[in-house]
2 protein chains.
Amino acid sequence: MTIRIPLTLPENSYEILIAPGCLKQIGTEISSLKIGKKVLVVSNPEIFSHYGETVLTSLESAGFEPSTHLIPAGEAYKTLDSISKIYDTALDYRLERSSAMLALGGGVIGDMTGFAAATWLRGINFVQVPTSLLAMVDASIGGKTGVNHPDGKNLIGAFYQPRLVLLDPDVLKTLPDREFKAGMAEIIKYGVIWDKELFQQLESAPDISDYDSIDPGLLQTIITKSCQAKADVVSKDEKEAGLRAILNYGHTIAHAVESQTGYTSINHGEAVAMGMVAAGKLAVKLGMWTQEEATRQENLIAKAGLETSLPLLDTQSVLHTLTTDKKVKDGKVRFILPTEIGAVTISDAVTPELIKEILETDI
Amino acid sequence: MTIRIPLTLPENSYEILIAPGCLKQIGTEISSLKIGKKVLVVSNPEIFSHYGETVLTSLESAGFEPSTHLIPAGEAYKTLDSISKIYDTALDYRLERSSAMLALGGGVIGDMTGFAAATWLRGINFVQVPTSLLAMVDASIGGKTGVNHPDGKNLIGAFYQPRLVLLDPDVLKTLPDREFKAGMAEIIKYGVIWDKELFQQLESAPDISDYDSIDPGLLQTIITKSCQAKADVVSKDEKEAGLRAILNYGHTIAHAVESQTGYTSINHGEAVAMGMVAAGKLAVKLGMWTQEEATRQENLIAKAGLETSLPLLDTQSVLHTLTTDKKVKDGKVRFILPTEIGAVTISDAVTPELIKEILETDI
């Protein structure tokens, strides 16, 4: 079944296409965008070994002239230096303003390719083909692109919308289990912040912990509902002036966890899972959320096979990291906190003392 | 006399403020933008020695907390590496999304500061305070930001609009004569492509060759008319989808000249002057423009004290450079060519042979 979700914006609207097996139709889909012939496919060696040929063949069949740029896998390569190497390839292949860059990979590849597309010749066409569950439901939609600064995640970047997002759930069969669970963390997030029904569907499913165990129909449903939630929020607030901040639920502490643990031992989705549990505890302590619903959230996260407790962190360093986060305003750290399942609020009531308490007593 | 030109865009409209002495009011003007307290002033050491204190004092008086980042002067520093150093300063000063970067300098400082502002935290507030005539009438307006790639000018960048452009013609008193003439080249350009009356005013003025010789009233008038021309064009075509390309009149060959001569011996305005004369000759050869008007253009450029002949260039290298230009579409080099004074057209009728003829016989 092919699903097309429109993401409507004042300028630069686009579609999110979700269909098992659609990777083979990528050439035809891009043809309908009426762009130039040159498409630079940016990927990492492992993903490209699985799906590169399918994508290149489909592009060539549709009359495109694809070229390829590979970046080693991992957050450690999400740097300005990697972007500089994409620029060199773009110049080698003489990409023009009408050309496209296509991200074939997870969130790191998508963020970097998008930033390169946003900044080469002041912006060329960009197509997202996310291959991880996390990138499908989160990073590939909404136009956030960028790289890390040595001292902070995603500090360098741009808002730049893709022309098309193409999701083929079949590619999840080669995704490591741990990455699948990480994606599930973001899906649970949409349940908590936006879509109570999605939360309940996840609660009542027999198994959501890996690709082989989840019902394929349910998988497409929860991907679709997550994309719809993200599209709803982004279309109301493209540049994160207000509402869009709710998508950062769980992310404030998650960024601190990732920063403290060097972006390696704990992946983004795992950090978000821990961050959501911590944010839930903060909300309960502030009297904003019931213990019962916080427990339901924690149980669902555990059901997905995700860790719910924070690792041992250096409190002072975490507080330092929080104050360099993009979401800081006039020095105050703002938290996204649940008020009921399906709804959150933005709060600056969380004090450093309360953060300290959560970090030091609840591990 | 204070003039405010509105630049109206679908999103991100702003004002161009033109008034002698307005540098002292910069704090008050920025206050009206309702932004955060932190303002990072980016400049070069020489400009900053002239005007830094005035700007910092005005910002402090209005309650801002300004900080400073200096970059050595010159196109050679317009690199991704310089941007990376601005990011480091932005982090040191904990700039937030509500903070601003303020460009105090010529086009190089403006382009780089704009790109850094566009890409720090995915975009913070940006204020342009151009101190060269060329930056006042061209680079500071319209949102083109970026840096050079080692193999091509402005290949890396973003469209990112300032919140305010503040022009104080009094600062031109410290501008070297050669830079003044370079700015006059762009002013003449607006006469040729858009504003016949501006062209005639320049033709009938007693002297337009330097700051001390030009009538101060005329200077404010021609700056205003040039800014109005640019605002007219940009408001109709923010992202250079069509019309805006006419602003590149003279620039296709100018970029080749600058690239060939290493961006040092010939400055941008001087190269544009030569490029306009060359484009005029191409237009005459193609039967699109009269020899009489082409001669009027050449005479006006000479009156401004600008060189009208191209330097000796390597034809093959120039043709190579032209094909890597951003304005290339499906391999065809497009030229902006005059059809009468005040009007131009976009043409792909210029063949490599014709370019060769202009380069090799008309020096």
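In this text the structure is predicted, and so the values were computed from the model without any measurement. Naming: A, B, ... by sequence-line order, numbering from 1 per chain.
- In this structure, A:F115 and B:F115 have parallel ring planes: the angle between them is below the 30° cut-off, well short of the 60° mark.
- The two residues B:T145 and A:R122 have their closest heavy-atom pair at O-NE, 3.3 Å.
- Rounded to the nearest 0.5 Å, atoms CD1 (A:I156) and CG (B:L91) are 9.5 Å apart.
- Of all the heavy atoms in B:K239 and A:R97, the pair that sits closest is O-NH1, 4.5 Å.
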